[in-house]
Amino acid sequence: MLDIKLLREDPDTVRQGLKSRGADADVVDSVLEFDEIRRALLTKVEALKGDRNKVSKDIGAAKKRGEDTAAIQASVREMGEKISALDKQAQATTDDLNAVMLSIPNLPHETTPIGLDESANETIKQHGEPKQFDFKPLTHIEIGDNLKLFDFARAAKMTGAGFPLFMGVGAKLERALIQFMLDLHTTEHGYLEVSPPFLCNADAMTGTGQLPKMADDMYNLAEDGLYLIPTAEVPVTNIYREEIIDQELPVYLTAYTPCFRREAGAAGKMTRGLLRVHQFDKVEMVKYVDPAKSDAELESLLVNAEDVLQRLGLCYRVLSLCSGDISFAASKCYDIELWAPGQNDWLEVSSCSNFRDFQARRAGIRYRDENGKVRFVHTLNGSGVALPRLVVAILENGQQEDGSVVLPDVLVPYMGGLKKIVNSE
RNA sequence: GGAGGGAUGGCUGAGUGGACGAAAGCACUGGUCUUGAAAACCAGCGACGGGAGACUGUCCGUGGGUUCGAAUCCCACUCCCUCCGCCA
């Protein structure tokens, strides 16, 4: 949520920011209108309440003296009716105002490239060179079939398309990668491991910005009022919802969770195999930081995510997403894309975002600054990293002409000493 | 699932219709004292909103209700604890 003071004091900056990301700038006018009405109602009803409080106190005193207060009580009753009518109006206006405020996306950071679609994203670095093969590289689907690493057909039988079933070494590879990444972040990058619930309520989803906008993209258990998490960002960022954090910033947390996404309307493009699935595993990093330091914290978050890929020996590039391509709650976002030879394309495996105080304001996450003043923290998160496409890259980059797959060295201990996946038949 | 108990400020905890935004203690901050610290003593110390300001409103788990007036009474819900049942 944006600071309403910014909309009052500098509406043009807000309009400009919203336009730069292709969002509706007219909401600014709705907000200002509701805000003005609301404040007028508040002033009025609060004056009345002040009067009522005074008179009620007088009644109490008069009764103690044994005086008759019937007439004055009747007049206060009338005031009460006026007050409750005005209160209802004020509440309705506040609800309207909140609904609009919650639907407004974050403003792009001053360093976020301006542009309305992905063509304006900037590639800011590339690590390694796409691997050259002297045979035609297979896709992960073919490799997985040959080596019996996953079974999409049977998964579809029990659930449906887009829910992967990993088998044997494939399942173990999934587990090994999770363990490798958590170990790296907790022992070398300074993160505390947490293991959160995989379902969250609507308040939590609103806090991080999934609701109200993304309601259609989430699996919803209506009977229980719960949603399956689309990312660990939701439970982990909501750990401190409606709190004043009483430990020293920054707080670094990392978590493995499965992620569930309906990917509504995404059918058709990039949906084969593991490229786009409804359930996937991910290791996530979340930071709560001092607002003055969030720019630097985003850079180090990116470095932490890159470290995973460098140790796995993979070729990747980093994009700075433009204003039209960053997510609803983000102010600045880096995407990391892995090179996948079988796809002959780059695959997004990580988004590292700075939300500044956008989520903190929605979720009421605050801290005390050096003067003891309560302020909103800045929140950040980054995938560190998402599993299915990482598996795709490892399989497609590690494949040999004989159909086997050589695993990255760092994974060997996590694979029980296995260096190469071969067909066991 | 059943029975009972509970939810009050950073923490512990008092308060059962009126002077209570809330006793007391702890913690914290400032001061006195001290070479310094501790102790003692004094003072301060919730959040959020409206108003240029004086000032003012809201908040005692959440939402409704009763009342001139609700932390306090009534209803519903949520969460926590204890016991019983069930269960990985």
Side-chain angles (χ1 to χ4, degrees), chain A residues 1-9 31-102 195-207 211 221-227 235 238-249 251 258 288 291 357-377:
Chain A
M1 192 149 63
L2 301 178
D3 186 352
I4 193 161
K5 286 192 201 113
L6 183 63
L7 277 84
R8 284 178 197 148
E9 287 160 15
V31 168
L32 294 177
E33 195 179 321
F34 284 134
D35 183 44
E36 203 165 307
I37 296 170
R38 187 184 88 99
R39 285 198 280 176
L41 285 168
L42 279 186
T43 309
K44 208 162 154 190
V45 74
E46 283 177 5
L48 275 173
K49 280 181 181 173
D51 292 347
R52 181 179 67 181
N53 289 343
K54 280 188 197 91
V55 178
S56 286
K57 279 182 184 175
D58 292 346
I59 292 173
K63 280 204 162 177
K64 267 187 189 158
R65 293 192 299 267
E67 294 168 15
D68 175 29
T69 56
I72 191 163
Q73 282 185 27
S75 77
V76 179
R77 192 176 302 129
E78 270 176 44
M79 282 169 82
E81 282 159 21
K82 239 188 245 173
I83 286 170
S84 84
L86 282 173
D87 254 343
K88 272 185 192 128
Q89 279 186 55
Q91 191 54 52
T93 309
T94 303
D95 290 345
D96 290 341
L97 178 64
N98 283 342
V100 180
M101 287 299 289
L102 285 174
S195 179
F198 302 157
L199 282 77
C200 280
N201 59 33
D203 286 341
M205 291 295 176
T206 305
L211 288 179
L221 283 71
E223 196 151 329
D224 300 287
L226 296 172
Y227 297 81
N238 275 284
I239 288 175
Y240 293 109
R241 184 159 59 87
E242 301 301 337
E243 286 194 34
I244 298 169
I245 297 175
D246 62 359
Q247 56 180 297
E248 205 157 314
L249 299 180
V251 175
Y288 301 77
D357 64 1
F358 188 83
Q359 293 181 325
R361 199 177 288 282
R362 291 177 155 240
I365 308 168
R366 291 149 296 161
Y367 76 107
R368 287 184 197 279
D369 68 13
E370 60 281 1
N371 301 316
K373 198 168 149 38
V374 176
R375 300 178 62 196
F376 289 111
V377 299

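Numbered from 1 within each chain, the chains take letters A, B, ... in sequence-line order.
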**Fill in**
RNA chain B in dot-bracket form (Watson-Crick or G-U pairs under 3.5 Å, [ ] crossing, | inter-strand) is ((((((((.[[[..)..(.....]]].(((((.......))))).(((((....))))).[[[[[..)....]]]]])))))))....

**Rounded C1' spacing from B:A88 to B:G49 in Å** = 49 Å

**Prompt:** Which whole-number value in Å describes the distance from A:I245 CD1 to B:G10 C1'?
**Reply:** 14 Å

**Message:** With side chain to side chain contact (heavy atoms under 4.5 Å, CB included) as the criterion, how do A:D3 and A:F376 come out once you've worked through the C-alpha distance, each side chain's angles and the decisive distance to 0.1 Å?
**Reply:** CA-CA 11 Å; A:D3 186 352; A:F376 289 111; over 6 Å; no

**5′-ward residue of the pair A:V45/A:D35 relative to RNA chain B** = A:D35

**Request:** Can you tell me the distance, in whole Å, between the CG atom of A:N201 and the P atom of B:C79?
**Result:** 10 Å

**Asked** Hey, is the main chain of A:T206 close enough, under 3.5 Å, to the side chain of A:R362 for a donor-acceptor pair?
**Response** yes

**Item:** Pairwise P distance for B:U72 and B:U8, with rounding to whole Å
**Value:** 14 Å

**RNA chain B: 5'-proximal contact among A:D246 and A:E46 (nearest heavy atom)** = A:D246

**Item:** A:Q247 and A:Y288: side chain donor to acceptor below 3.5 Å
**Value:** no

**Asked** Around A:E248, counting heavy atoms of other residues, nucleotides and ligands shown, do more than 12 lie under 6.0 Å from its CD?
**Response** no

**Message:** Whole angstroms only, please: what is the CD-C1' distance between A:E242 and B:G10?
**Reply:** 17 Å

**Message:** Test your reading of the model: is there a side-chain donor-acceptor pair from A:D357 to the backbone of A:R361, 3.5 Å cut-off?
**Reply:** no

**Prompt:** Do A:R39 and A:D35 sit within salt-bridge range, that is, some charged N less than 4.0 Å from a carboxylate O?
**Reply:** yes

**Asked** Considering only the P atoms, how many Å lie between B:G17 and B:A71, rounded to the nearest integer?
**Response** 13 Å

**Prompt:** Looking across every strand, which nucleic acid part, if any, lies under 4.0 Å from A:R8 by heavy atom: base, sugar-phosphate, or nothing?
**Reply:** sugar-phosphate

**Prompt:** Expressed as a whole number of Å, how far does the C1' atom of B:G36 sit from that of B:C26?
**Reply:** 26 Å

**Item:** Exercise: do A:Q91 and A:D87 side chains pair donor with acceptor under 3.5 Å
**Value:** no

Please produce a list of atom pairs where a protein N or O lies less than 3.5 Å from an N or O of nucleotides 43-47 of chain B.
none

Could you write out each protein N or O paired with an N or O of nucleotides 68-75 of chain B at a distance under 3.5 Å?
| residue | atom | partner | partner atom | Å |
| --- | --- | --- | --- | --- |
| B:C68 | OP1 | A:R77 | NH2 | 2.5 |
| B:C68 | OP2 | A:R77 | NE | 2.9 |
| B:C68 | O4' | A:Q73 | O | 3.4 |
| B:C68 | O2' | A:S56 | OG | 3.2 |
| B:C68 | N4 | A:K63 | NZ | 3.3 |
| B:G69 | O4' | A:S56 | OG | 3.3 |

**Prompt:** Under 6.0 Å from the CD atom of A:E33, do we count more than 12 heavy atoms belonging to anything else shown?
**Reply:** no

**Request:** Determine yes or no for a side-chain-to-main-chain donor-acceptor pair under 3.5 angstrom, with A:S75 supplying the side chain and A:I72 the backbone.
**Result:** yes

**Item:** Taking every non-hydrogen atom, the tightest pair across A:V76 and A:S56
**Value:** CG1-OG, 4.4 Å

**Nearest-Å distance for atom pair CG/C1', residues A:L41 and B:G51** = 16 Å

**Prompt:** How far does the P atom of B:U58 sit from the matching atom of B:A3, given to the nearest Å?
**Reply:** 38 Å

**Request:** Quickly work out the A:L86 CG to B:U56 P distance and round it to whole Å.
**Result:** 20 Å

**Asked** What do you reckon, is CD of A:E242 surrounded by more than 12 foreign heavy atoms closer than 6.0 Å?
**Response** yes

**Request:** Could you measure between the two C1' atoms, the one in B:G10 and the one in B:A27, and give it in whole Å?
**Result:** 8 Å

**Item:** Separation of atom NZ in A:K5 from atom P in B:G51, rounded to whole Å
**Value:** 11 Å

**Request:** Would you name the heavy atoms of A:L32 and A:R8 that are closest together and state the gap between them?
**Result:** CD2-CA, 3.9 Å

**Asked** Any idea which heavy atoms bring A:I83 and A:V45 closest together, and the distance?
**Response** O-CG2, 3.8 Å

**Message:** Roughly how many Å apart are B:C20 and B:G13, using the C1' atom of each and rounding to a whole number?
**Reply:** 16 Å

**Asked** Please give, in whole Å, the distance from B:G51 C1' to A:R38 CZ?
**Response** 13 Å

**Request:** Report the distance from atom CG of A:L97 to atom C1' of B:G50, rounded to the nearest whole Å.
**Result:** 14 Å

**Item:** Separation between the C1' atoms of B:A47 and B:C41, rounded to whole Å
**Value:** 31 Å

